[in-house]
J.: 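This structure is in structure tokens; I'll ask about it shortly.
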Amino acid sequence: MHTILIVDDLPANREFLITLLRGRGHRLLEAGDGVEALEIARRERPKLVIADIVMPRLDGYSLARRLADYPQLRETQVILCSAAYDEKEARALVRHCGVWRLLAKPCEPELVLDVVEQALRETRPREVSPAGTPVTDEQLGVVGDKLHQKIAELERLQGELERRVEDRTRELQREVRERQQAQQALDAANRRLREESLRDGLTGLYNRRCLDEVLQREIAQAVRHERSLSLLLIDIDHFKQCNDRFGHAAGDAMLRAVSTHLRAAFREEDTVCRYGGDEFVVLMPGTTPVAARDCADRLRSRMRELQIVQEGSALPPVTLSIGVASMTTSRRSVTAMLQAADRALYRVKQAGRDQAQLSSDYMALDLLPPHSAALA
Ligand SMILES: Nc1nc2c(ncn2[C@@H]2O[C@H](COP(=O)(O)OP(=O)(O)OP(=O)(O)O)[C@@H](O)[C@H]2O)c(=O)[nH]1
């Protein structure tokens with residue numbers, strides 16, 4: 001087993017040689033440049049150093065010469081790999097630096113293995129021309145200049161590349177930020193639009209479209225959890241007269257005042273909607289028919305006390321007609337429930353207004369206590 005030190009500033013190049021030599025029973029070490037390689041070589045005494053030529057800090061030629069400064073590394077052989085320096089003087093320099101072989105990149109795997117095995121078998125010490133040898137110094141100067149030019153050029157290109165990458169990264173970050181902001185604005189606008197599409201413009205209550213959605217959901221919940229569900233269909237009595245006597249603006253004011261009152265009168269989980277014109281619906285999950293009718297009665301008496309003043313004049317007291325419908329085993333659709341409430345409301349109007357009635361089919365399906373006289 002031999003120790004082989006692989007020196008290259010590009011990890012991918014080191015990886016190539018490691019992959020090639022792995023599994024051949026040698027100990028493989030890595031260094032990222034000539035200075036690091038020198039330190040490791042002094043410590044680990046590799047039999048072979050395979051190094052790139054163009055590297056930061058200490059190039060491959062200088063590394064080969066510096067290795068010869070250490071007596072313990074006398075038998076260490078050096079192979080250089082280069083894509084850029086295959087000229088005449090480079091080959092001469094290789095000899096003066098005591099390099100075993102110069103391999104041209106990209107290296108053929110078979111050739112690399114062959115050259116490595118030969119170098120490992122070599123027992124003669126390396127011969128390096130002593131410092132000050134004219135030919136060596138002259139050639140080292142030529143190649144050294146080229147190397148430095150090349151390194152300077154590489155550094156310039158690398159700097160340019162880094163600047164471009166930074167610019168592009170900043171650009172991308174800005175684009176991502178702008179897209180996120182646009183998306184947030186869009187989401188907010190969509191939420192606002194959806195909210196507005198579910199609200200009635202005059203009163204701010206949920207509108208009829210929303211009622212259909214919520215009622216559908218509440219029916220499904222009530223069925224699943226086997227709990228009661230009631231709704232009130234509320235109509236302001238003689239509302240047309242208010243419009244006719246006090247004007248449309250007064251009618252609007254009355255609708256807004258009734259809405260505010262309705263919102264305050266019911267629980268959080270109840271849904272209050274403007275059904276259209278002067279009609280409102282309140283959904284009351286978990287509320288039995290009788291409890292809903294009692295709520296409707298309480299609402300009527302409180303509403304009568306409501307004082308609405310429009311442009312200095314007091315509007316007449318508000319009285320309400322209310323049809324109450326509850327979910328039953330045979331009434332489990334939005335239409336069926338609204339129709340039942342509508343029939344009850346119709347009966348209230350027929351009976352002279354200002355009261356609340358339960359839908360009549362409720363009586364057939366559910367037994368009511370005897371005091372529930374006001375069944376539609
Ligand atoms: N001011 C105002 N009036 C509205 C609005 N929407 C509907 N109306 C009016 O409300 C009135 C409702 O009249 P009707 O359906 O006859 O109801 P009513 O006068 O309360 O009669 P009963 O329900 O039988 O007591 C109509 O004159 C509609 O024009 C609105 O947004 N603002």
Side-chain angles (χ1 to χ4, degrees), residues 188-215 230-284 287 292-325 337-338 341-358 374 376:
N190 279 337
R191 273 197 303 276
R192 246 190 342 267
L193 268 179
R194 163 138 181 93
E195 181 66 10
E196 278 167 13
S197 77
L198 298 175
R199 296 279 178 186
D200 166 58
L202 178 70
T203 62
L205 292 179
Y206 289 118
N207 59 21
R208 184 161 184 171
R209 189 169 146 247
C210 177
L211 169 71
D212 286 352
E213 272 180 35
V214 179
L215 183 51
S230 298
L231 70 80
L232 312 183
L233 178 55
I234 304 165
D235 186 284
I236 302 175
D237 294 329
H238 304 301
F239 178 67
K240 188 172 178 310
Q241 285 177 16
C242 171
N243 264 343
D244 294 347
R245 274 180 60 199
F246 301 95
H248 208 267
D252 282 356
M254 181 175 280
L255 288 171
R256 276 196 295 267
V258 167
S259 300
T260 307
H261 192 77
L262 284 175
R263 241 193 316 234
F266 289 90
R267 292 176 303 190
E268 190 74 6
E269 63 261 38
D270 298 339
T271 306
V272 182
C273 311
R274 185 176 179 203
Y275 194 55
D278 61 344
E279 287 187 326
F280 301 86
V281 167
V282 182
L283 298 187
M284 307 173 75
T287 307
R293 204 266 326 278
D294 290 347
C295 268
D297 282 335
R298 275 200 302 279
L299 175 71
R300 282 189 314 103
S301 35
R302 290 223 300 267
M303 198 64 87
R304 222 179 280 125
E305 290 157 16
L306 186 66
Q307 289 184 347
I308 309 168
V309 178
Q310 167 69 8
E311 289 180 355
S313 354
L315 300 182
V318 177
T319 66
L320 301 176
S321 294
I322 304 176
V324 184
M337 281 196 72
L338 288 170
D342 199 43
R343 283 196 297 274
L345 177 62
Y346 179 77
R347 287 164 198 270
V348 172
K349 293 286 182 186
Q350 295 290 299
R353 299 176 173 78
D354 194 14
Q355 53 183 280
Q357 288 203 17
L358 283 162

J.: Between I308 and A253, what is the shortest heavy-atom contact and its length?
T.: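 Reported closest heavy-atom pair: CG2-O, 4.4 Å.
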J.: T287 vs R267, test: side-chain contact (heavy atoms from CB on, under 4.5 Å). Steps then yes/no.
T.: CA-CA 11 Å; T287 307; R267 292 176 303 190; 2.9 Å; yes
J.: Would you call D297-R293 a salt bridge at under 4.0 Å N-O?
T.: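 Yes.
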J.: Should the heavy atoms of other residues, nucleotides or ligands under 6.0 Å from CZ of F266 be counted, would the total exceed 12?
T.: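 Enclosed: over 12 neighbouring heavy atoms sit under 6.0 Å from CZ of F266.
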J.: Give a yes or no on whether the backbone of C273 and the side-chain of D200 come within a donor-acceptor separation of less than 3.5 Å.
T.: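 No; judged by distance alone, with no hydrogens or angles, the pair does not exist.
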J.: Can you give me the closest heavy-atom contact between G323 and A344, atom names plus distance?
T.: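 It is CA-CB, 3.7 Å.
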J.: Grab the two heavy atoms, one from M284 and one from A292, that are nearest each other, plus how far apart they are.
T.: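 That would be SD-CB, 4.2 Å.
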J.: Taking the side chain as every heavy atom from C-beta outward, state whether R274 and L255 have any pair of such atoms under 4.5 Å apart.
T.: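 The answer is yes; the side chains approach within 4.5 Å.
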J.: Would you give the length of the straight line joining atom CG of L306 to atom CG of L262, rounded to the nearest 0.5 angstrom?
T.: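 Output value for this atom pair is 9.5 Å.
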J.: Can you tell me how far SG of C242 sits from NE2 of H248, rounded to the nearest 0.5 angstrom?
T.: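 Here the rounded value is 10.0 Å.
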J.: If every non-hydrogen atom of P316 is compared with every non-hydrogen atom of F246, which pair is closest and at what distance?
T.: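 For P316 versus F246, the nearest heavy atoms are CD-CE1, 3.4 Å.
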J.: Go through the steps for F280 and I236 under the test side-chain contact (heavy atoms from CB on, under 4.5 Å), then give the verdict.
T.: CA-CA 9 Å; F280 301 86; I236 302 175; 4.0 Å; yes
J.: Let me confirm one number: the OG1-CZ distance from T319 to F239, rounded to the nearest 0.5 Å.
T.: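 Interatomic distance, T319 OG1 to F239 CZ, rounded to 0.5 Å: 12.5 Å.
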J.: About how many Å separate CG of L205 and OG1 of T271, when rounded to the nearest 0.5 Å?
T.: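 The distance works out to 11.0 Å.
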J.: Rounded to the nearest 0.5 Å, what separation is found between the OG atom of S197 and the CZ atom of R209?
T.: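 Reported value, rounded in 0.5 Å steps: 4.0 Å.
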J.: Could you point out which residue of L345, V282, V348, L299 forms a side-chain contact (heavy atoms from CB on, under 4.5 Å) with I322?
T.: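 By the side-chain contact (heavy atoms from CB on, under 4.5 Å) criterion, I322 pairs with just one of L345, V282, V348, L299: L299.
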J.: Is the NZ or CZ atom of R199 positioned over Y206's six-membered ring, under 6.0 angstrom from the centre and within 45° of the axis?
T.: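 That pair qualifies as a cation-pi contact.
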J.: Could you state the interatomic distance from CD1 (I234) to CG (D278), rounded to the nearest 0.5 Å?
T.: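 The CD1 atom of I234 sits 11.5 Å away from the CG atom of D278.
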J.: Just wondering, more than 12 heavy atoms not from E196 lying within 6.0 Å of its CD?
T.: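 Atom CD in E196 is crowded, with more than 12 foreign heavy atoms closer than 6.0 Å.
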J.: I'd like to check V281 versus L215 (side-chain heavy atoms, cut-off strictly below 4.5 Å). Are they in contact?
T.: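 A side-chain contact under 4.5 Å is absent here.
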J.: Does R304 reach the main-chain N or O of P317 with its side chain, forming a donor-acceptor pair under 3.5 Å?
T.: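 No: the side chain of R304 does not pair with the backbone of P317.
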J.: Do D237 side-chain atoms and D354 backbone N/O form a donor-acceptor pair below 3.5 Å?
T.: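 Between the backbone of D354 and the side chain of D237 there is a qualifying donor-acceptor contact (under 3.5 Å).
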J.: Minimum heavy-atom separation for A325 and A341, please, with both atom names.
T.: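 Result for this residue pair: CB-N, 3.6 Å.
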J.: Does any part of the side chain of L233, heavy atoms only, come nearer than 4.5 Å to the side chain of D235, both counted from C-beta?
T.: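 Side chain of D235 against side chain of L233, heavy atoms only: no contact under 4.5 Å found.
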